Undergrad: 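I am attaching a structure below and will ask some questions about it afterwards.
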Amino acid sequence: MTTQDLKQIQELFRSELEPIKKEFGILKTRYPDKDYLDDKLSDLRGDTLAGRKKDSFRVDEHIRIHYKRGNITKKDVEELDKLRAFAPLQVAG
């Protein structure tokens, strides 16, 4: 193979790769990258966790009110406490 042959092959590769480069550039700008998706998923997890904690607080208050009114027993509160996903419920005994 001569230098001229190598240059022709190189030019052929360049001409074939140019449309692929353009298409890749379009795909790269059209779709989010992994870091962006990781950040968004992390935000979503945080928002979801915050919402669940608020709901958990509401349930705690509901249980506390019913315990104070005598509608549920200490044993009931302990059983409900076992089902919790977050910090345990503190009820004065």
Side-chain angles (χ1 to χ4, degrees):
M1 241 184 214
T2 66
T3 305
Q4 185 64 23
D5 292 337
L6 290 175
K7 285 183 181 181
Q8 285 178 345
I9 292 171
Q10 186 179 25
E11 202 53 47
L12 179 66
F13 275 125
R14 282 189 182 145
S15 65
E16 293 291 326
L17 286 176
E18 197 59 39
I20 295 171
K21 283 182 182 179
K22 286 180 183 177
E23 195 65 31
F24 181 73
I26 290 170
L27 289 175
K28 195 173 179 182
T29 58
R30 187 177 297 162
Y31 297 104
D33 62 352
K34 184 181 181 309
D35 291 333
Y36 175 82
L37 292 175
D38 287 343
D39 288 343
K40 292 300 175 185
L41 283 173
S42 179
D43 291 346
L44 180 61
R45 283 186 198 114
D47 293 345
T48 302
L49 187 60
R52 288 185 63 206
K53 283 186 177 184
K54 284 180 184 177
D55 289 343
S56 180
F57 176 75
R58 289 184 194 117
V59 170
D60 286 349
E61 287 301 308
H62 188 76
I63 292 169
R64 191 172 286 121
I65 289 168
H66 282 285
Y67 177 72
K68 285 181 181 179
R69 289 182 181 171
N71 297 335
I72 59 175
T73 65
K74 178 89 170 163
K75 184 178 178 186
D76 294 335
V77 172
E78 290 169 359
E79 287 297 315
L80 290 168
D81 188 41
K82 291 177 186 175
L83 301 174
R84 295 191 40 74
F86 297 106
L89 175 66
Q90 299 297 320
V91 176

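Quick caveat: nothing in here was measured; it's all calculated off a predicted structure.
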Undergrad: So how far is it from Ile9 CD1 to Gln4 CD, rounded to the nearest 0.5 Å?
TA: 11.0 Å
Undergrad: Salt bridge or not between Asp55 and Arg52? Use side-chain N to carboxylate O under 4.0 Å.
TA: no
Undergrad: Is the count of non-hydrogen atoms from other residues, nucleotides or ligands lying under 6.0 Å from His62 atom NE2 greater than 12?
TA: no
Undergrad: Rounded to the nearest 0.5 Å, what's the gap from NZ on Lys54 to OG on Ser56? Could you check?
TA: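 Lys54 NZ to Ser56 OG: 13.0 Å, rounded to 0.5 Å.
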Undergrad: Any chance you could measure Lys53, atom NZ, to Leu49, atom CG, to the nearest 0.5 Å?
TA: 5.0 Å
Undergrad: Distance from Leu37 atom CG to Leu44 atom CG, nearest 0.5 Å?
TA: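 Taking CG in Leu37 and CG in Leu44, the distance rounds to 12.0 Å.
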Undergrad: If you measure from CG on Asp76 to CG on Asp81, what distance do you get to the nearest 0.5 Å?
TA: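 If I round to the nearest 0.5 Å, the distance is 12.5 Å.
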Undergrad: Measure the CG-CD1 distance between Asn71 and Ile63 for me, rounded to the nearest 0.5 Å.
TA: 12.5 Å
Undergrad: Below 4.0 angstrom, N of the basic side chain to O of the carboxylate: do Glu79 and Lys82 qualify?
TA: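 Yes, charged N to carboxylate O under 4.0 Å.
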Undergrad: Can you get from Phe13 to Ile20 by hopping between Ile, Leu, Val, Met, Phe, Trp and Tyr side chains that sit under 4.5 Å apart?
TA: no
Undergrad: Would you please say whether a donor-acceptor pair under 3.5 Å links the side chains of Asp39 and Ser42?
TA: no
Undergrad: Look at Asp60 together with Arg64 and state whether they make a salt bridge at an N to O cut-off of under 4.0 Å.
TA: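 Arg64 and Asp60: not salt-bridged.
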